[in-house]
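As structure tokens, the structure follows; a few thoughts come after it.
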Amino acid sequence: MQRELIYVHIAVLLFGLSGLFANWIPLPAPAIVLGRVFFAAFFLYLILLLLKKKILLPSLKGYVPFLLLGAVLAVHWGSFFHAIQLSSVAVGLVTFATFPVFASFLEPIFLKEKFIGKSVVFAAITFTGVLFIVPDFDLTNEYTQGAVWGLVSAVTFAVLSILNRAFVKNHSSLVIGFYQNFFAFFCLVPFLPLLMQQISLYNLSMLLLLGVLFTGIAHVVFIQGLTKLNVRTASIIASLEPVYGIAAASVIFFEVPVLREWIGIFLILSTAMIVSIHKVTSESTE
């Protein structure tokens with residue numbers, strides 16, 4: 001159990017640090033995501049071969065949902081990196097962390113689950129947290145734009161999580177991860193000329209690092225941690241992703257949030273954690 005706990009912490013740390021690559025790689029967000037999903041898909045493909053897992057699906061119709069997942073993943077990561085490039089690592093990570101609140105509104109629509117009235121309260125608290133983070137609601141302000149794109153990444157990740165819940169019943173997490181990245185790459189192929197125009201050994205090595213270590217390996221390690229760890233504990237640890245990222249950005253980029261931003265960060269992260277725990281607890285009692 002202790003080993004699996006460490007695995008999940010390592011995976012969440014890697015996921016949290018992935019946002020730093022938005023500043024490390026001097027490329028537009030779509031080009032970064034294109035490189036990330038290419039190397040992540042290739043790595044996960046090798047893992048599936050190594051484990052002798054079945055990769056091909058029984059019918060062509062089975063690939064259609066994964067094409068949808070890939071498209072949503074491309075938009076999610078694209079908006080996430082763009083949010084950070086416009087504002088800061090903290091703004092991008094914290095606004096993305098609002099996804100459990102969006103999920104609580106979307107799940108009754110997609111999965112026909114009962115709507116929880118507390119979701120309105122959670123949404124109000126989260127919105128208040130966003131108000132503390134952005135200096136104003138002037139859309140010409142890059143921090144405000146960054147927060148908006150961060151919320152887009154949160155909504156798309158909420159959709160991605162809901163769709164994954166439906167597909168994980170019939171496919172392993174590794175297979176889903178592979179096809180998500182595989183089809184996300186094809187959705188982003190139109191941005192390939194943009195990537196090729198600015199390709200360099202440095203950019204290529206950073207994309208390789210991001211795709212393999214901070215995406216592929218992080219995905220495998222997280223799944224390994226879940227083998228003996230309950231979902232509630234994993235959800236609590238996953239809430240630390242923005243904390244790890246903000247702490248690293250403070251040290252590396254000297255992006256230290258001011259008091260107003262810390263209040264917003266606390267409101268959003270605490271609400272997201274409560275929603276996640278409440279969701280897992282309600283599912284375990286059903």
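It should be emphasised that the depicted structure is a prediction, and the values quoted were computed from it without experimental measurement. Every heavy atom of this structure was used, including side-chain atoms; hydrogens, water molecules and symmetry mates were not. Residue numbers start at 1 and run along the sequence shown.
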Can a donor-acceptor pair be found, under 3.5 Å and without considering hydrogens, that links the side chain of [X] to the backbone of [Y]?
| X | Y | answer |
| --- | --- | --- |
| Thr215 | Val212 | no |
| Thr126 | Ile268 | no |
| Glu255 | Val89 | yes |
| Asn23 | Phe253 | no |
| Glu261 | Val258 | yes |
| Glu241 | Leu93 | no |

Test ring pair (Phe, Tyr, Trp, His ring centres under 6.0 Å) applied to Tyr179 and His171, step by step
CA-CA 11 Å; Tyr179 278 116; His171 304 282; 8.0 Å; no
Could you work out, with side-chain hydrogen bond (donor to acceptor under 3.5 Å, both in side chains) as the rule, every residue matching Ser104, not counting sequence neighbours?
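If we apply the side-chain hydrogen bond (donor to acceptor under 3.5 Å, both in side chains) test to Ser104, skipping adjacent residues, the hits are Ser119.
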Mind checking whether [X] and [Y] sit in one hydrophobic cluster, side chains of I, L, V, M, F, W, Y counted as touching below 4.5 Å?
| X | Y | answer |
| --- | --- | --- |
| Phe186 | Leu195 | yes |
| Leu160 | Val152 | no |
| Ile162 | Val64 | no |

Answer with yes or no after comparing the ring centroid distance for Trp24 and Phe21 against a 6.0 Å cut-off, counting only values under it.
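Here the rings of Phe21 and Trp24 have centres that are less than 6.0 Å from each other.
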Would you check if the distance from the ring center of Phe43 to the ring center of Phe39 is below 6.0 Å?
no
Parallel, tilted or perpendicular: which describes the rings of Phe183 and Tyr63, with under 30° parallel and over 60° perpendicular?
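Phe183 and Tyr63: perpendicular rings.
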Side-chain contact, heavy-atom cut-off 4.5 Å: [X] with [Y]?
| X | Y | answer |
| --- | --- | --- |
| Tyr143 | Leu86 | no |
| Ser18 | Leu210 | yes |
| Phe185 | Leu34 | yes |
| Trp262 | Ile265 | yes |
| Ile237 | Leu5 | yes |

Picking from Phe96, Phe81, Trp149, what satisfies ring-ring contact (aromatic ring centres under 6.0 Å, His included) with His76?
Phe96
